[in-house]
Amino acid sequence: KKVKVIIKPHPDETSEEINEIKLLAYEFGINYEFISHIDFKNLINEIDLLVTFHSTLALEFIIIGIPVCYLISVKNIPILNASCENGLAFQALTENELKKCLDKIVIDKDKEYLPEKYKKFLKSEFTKIDGTVSEDLVNIMMKNIKVQ
């Protein structure tokens, strides 16, 4: 199956770094679209998986019900590691692990992601500090979870 890649660089990446990314995508024959900002309203139905290093953007994708694949270890970043432990994100530290991740998420449409997994993650990670305001925020987010 053809996979379309949407590339969104960080604001501090240079033109040279962006050109290197484009060249690499071209060399691998990757069909890509380059965007300067993320418009969740337009992209939410087009994205099956976010591939990233580590970013708070990953949490935004998890909250709206889109799985994440980290290209570096997140074991020392508690909230991102918890997303892996809850089965909402994966680490792909090798090319083989990345292929398995893509197969599981993009190619295999029979996903195991249930709304309960997202709700469990939100409750466990966002209600630890403040049991009232955070609880209300989690309840609002859980009502709006979009699970593919």
Under 3.5 Å, sequence neighbours excluded: what are the donor-acceptor pairs made by side chains of residues 78-87?
from : atom 1 : to  : atom 2 : distance (Å)
N81  : ND2    : E85 : OE2    : 3.1
S83  : OG     : Y70 : OH     : 2.9
S83  : OG     : L80 : O      : 2.5
N86  : ND2    : A82 : O      : 2.7

N/O donor-acceptor pairs under 3.5 Å from side chains in residues 16-26, not counting sequence neighbours:
from : atom 1 : to  : atom 2 : distance (Å)
E17  : OE1    : T14 : N      : 2.8
E17  : OE1    : T14 : OG1    : 3.4
N19  : ND2    : S15 : O      : 3.3

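Linking ILVMFWY residues whenever their side-chain heavy atoms come closer than 4.5 Å, directly or via other members, places I77 and V68 in the same cluster. I72 and L98 fall within a single hydrophobic cluster, where Ile, Leu, Val, Met, Phe, Trp and Tyr side chains are chained together by heavy-atom contacts under 4.5 Å.
Under the side chain to side chain contact (heavy atoms under 4.5 Å, CB included) criterion, N96 pairs with T94, K100, not counting sequence neighbours. Among residues two or more places apart in sequence or in another chain, the side chain to side chain donor-acceptor pair (under 3.5 Å) test is passed with E33 by K4.
Here the side chain of Q91 pairs no donor or acceptor atom with the backbone of L71 at under 3.5 angstrom.
Here L59 contributes atom CG and L88 contributes atom CG; the two are 10.5 Å apart, rounded to the nearest 0.5 Å. C69 contributes atom SG, which lies 10.5 Å from atom CZ of F53 (distance to the nearest 0.5 angstrom). Separation of atoms CG (L50) and CG (L57) is listed at 5.5 Å; rounding is to 0.5 Å. Interatomic distance, OG1 of T52 versus NE2 of H10, reported as 5.5 Å (0.5 Å rounding).
Of all heavy-atom pairs spanning H37 and K8, the tightest one is CA-CE, 4.0 Å. The heavy-atom pair separating I35 from P9 by the smallest distance is O-CD, 3.4 Å.
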